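Take a look at the structure below.
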There are 2 protein chains.
Amino acid sequence: MTTASHGTPRWLSDEEQRVWRAYLHATTLLEDHLDRQLQRDAGMPHIYYGLLVQLSQAPRRRMRMTELARETKITRSRLSHAVARLEKNGWVRREDCASDKRGQNACLTEEGFEVLRRTAPGHVEAVRQAMFDRLSPEQVGQLGEIMRVMAEALQPTDPNADLPWLR
Amino acid sequence: MTTASHGTPRWLSDEEQRVWRAYLHATTLLEDHLDRQLQRDAGMPHIYYGLLVQLSQAPRRRMRMTELARETKITRSRLSHAVARLEKNGWVRREDCASDKRGQNACLTEEGFEVLRRTAPGHVEAVRQAMFDRLSPEQVGQLGEIMRVMAEALQPTDPNADLPWLR
DNA sequence: ACCATCTTGTTCAACTTTCAAGAATGGTCC
DNA sequence: GGACCATTCTTGAAAGTTGAACAAGATGGT
């Protein structure tokens, strides 16, 4: 990382600067927009909604805290606070893990699932309006590929990922 | 917005879902990465750094609060708090606006500029490594266009934008 | 069994963000 | 000038986030 401080910095070209600014603007606008949409319609910020979605897709609608954190790309600390809040809402429940006494499972409650069922259509619509309704099919494909490349760069793949017996 | 709750919701296709998840993952990973990079190397979060950059590019390195907020896509409230913090660091100074007694100018101090000079290379390098070093020139162009479209959708252009005398 | 070490999840304090409310000034219309 | 509304910016409290420190349990070597 600090290799940057040595030698002549490789500045961004004009084109790259424009793209970078466009990226920052679009992503912050979208994040704000979805945060407000969900706060209004579902009573929670976007990330919390993402936690419920993730749980809803898990077997038995429950997941170990650490795995939920990993899947949603947030820290365990943040997740602890978030689940505490969602628990107060009655949308998630904690449950001791049988096989590991340190562990906790976050379980989506029936109420939590109900909230999802009620608010998912509006949220999908918001995402559509902001993104998929504006982009051509080609652009959607391009965006997907670009985002995959970026995520890969930032989340160094476990070198043993395809050697499960070594994990 | 709430038109979504009526009629059959238009769900995302499998492809669209994949793209949406990739988008969420990549953008949150990048934002976290840059936040940590800047917190470590410059002692402030990414958005605060963006404020300094914006000021550094303004005439006389100062800007009205409201304009700074508009350019950086944050609320005036948030900006007030942010500038207060940057002022404590000695990187920004407030100055009364001559022509409008309600107004304040946020001015980048010499110290603030120095912080930028010192940390910009490392930050640009981080951006490069995460984005521009991985994408082909075509992809960079595609990303720029896609982000422009999205930003436009979210930030309804002022209909009088090109009629300055009506603003 | 023992010890060192890693992992899991929580907690605390410091910091940031949001939302609603409010003080001050500007602009317009009569 | 005065009434009225809009704009600018700040404030305070509640909510959310971060990073470090911590307790408890797992793991592996000896």
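What you see below is based on every heavy atom in this structure, not just the backbone, and it leaves out hydrogens, waters and symmetry mates. Remember, it's a predicted structure, so these values are computed and weren't measured experimentally.
Taken together through direct or relayed side-chain contacts under 4.5 Å among Ile, Leu, Val, Met, Phe, Trp and Tyr, A:Val53 and B:Trp11 form parts of separate hydrophobic clusters.
Aromatic ring orientation, A:Phe132 versus B:Trp20: perpendicular (interplanar angle above 60°, classes split at 30° and 60°).
Set against D:dT18, D:dT11, D:dG16, the side chain of A:Arg78 has D:dT18 as its closest nucleotide. Ranking D:dT18, C:dC19, C:dT10 by closeness to the B:Ser77 side chain, first place goes to C:dC19. Of the candidates D:dA26, C:dT16, C:dT25, C:dT16 carries the atom nearest the B:Tyr48 side chain, counting heavy atoms from C-beta on. Candidate nucleotides D:dG16, D:dT18, C:dG9 were compared by shortest atom distance to the side chain of A:Pro45, and D:dG16 ranks first.
Taking side-chain N and O atoms only, A:Arg85 has no distance below 4.0 Å to OP1 or OP2 of D:dA15. Contact check, B:Arg40 against D:dG19: no side-chain N or O comes under 4.0 Å of OP1 or OP2. A sub-4.0 Å separation between OP1 or OP2 of D:dG19 and a side-chain N or O of B:Arg36 is present.
Residue order along DNA chain C, read from the 5' end via each residue's closest nucleotide, puts A:Val83 first among A:Gln39 and A:Val83. Of the two residues near DNA chain D, A:Ser99 and A:Ile74, the one whose nearest nucleotide lies more 5' is A:Ile74.
For the pair B:Leu86 CG and C:dT17 P, the computed distance is 10 Å after rounding to whole Å. Following rounding to the nearest Å, B:Glu67 (CD) and D:dC9 (P) show an atom-to-atom distance of 10 Å. Note: CZ (B:Arg94) to C1' (D:dT11) measures 11 Å, nearest angstrom. To the nearest angstrom, P of C:dC15 lies 18 Å from CD1 of B:Ile47. Following rounding to the nearest Å, A:Met63 (CE) and C:dG9 (P) show an atom-to-atom distance of 13 Å. The CG atom of B:Asn105 sits 13 Å away from the P atom of D:dT8 (whole-angstrom rounding). Here D:dT27 presents its P atom at 12 Å from NZ of A:Lys101, a figure rounded to the nearest Å. In this entry the distance linking CE of A:Met44 with P of C:dT18 reads 18 Å, nearest Å.
Note on B:Glu67 versus B:Arg70: no salt bridge recorded, every NZ/NE/NH1/NH2 to OD/OE distance being 4.0 Å or above. Ion pairing of B:Glu125 with B:Arg128 is absent here, as no side-chain N (NZ or NE/NH1/NH2) approaches a carboxylate O to less than 4.0 Å. Classification of B:Asp32 and A:Arg78 as a salt-bridged pair fails, no side-chain N sitting under 4.0 Å from a carboxylate O.
By the 6.0 Å and 45° rule, B:Arg61 stacks over the aromatic ring of B:Phe113.
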Tabulated below should be each protein N or O lying under 3.5 Å from an N or O of nucleotides 1-8 of chain C; please produce it.
| residue | atom | partner | partner atom | Å |
| --- | --- | --- | --- | --- |
| C:dT7 | O2 | A:Arg102 | NH1 | 2.4 |
| C:dT8 | O3' | A:Arg64 | NH2 | 3.2 |

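The shortest non-hydrogen separation linking A:Tyr23 to B:Met147 is CA-CG, 3.8 Å.
Between the side chain of A:His81 and the base of C:dG9, no donor-acceptor pair of N or O atoms lies under 3.5 Å.
The closest side-chain heavy-atom distance from A:Leu51 to A:Leu79 is below 4.5 Å.
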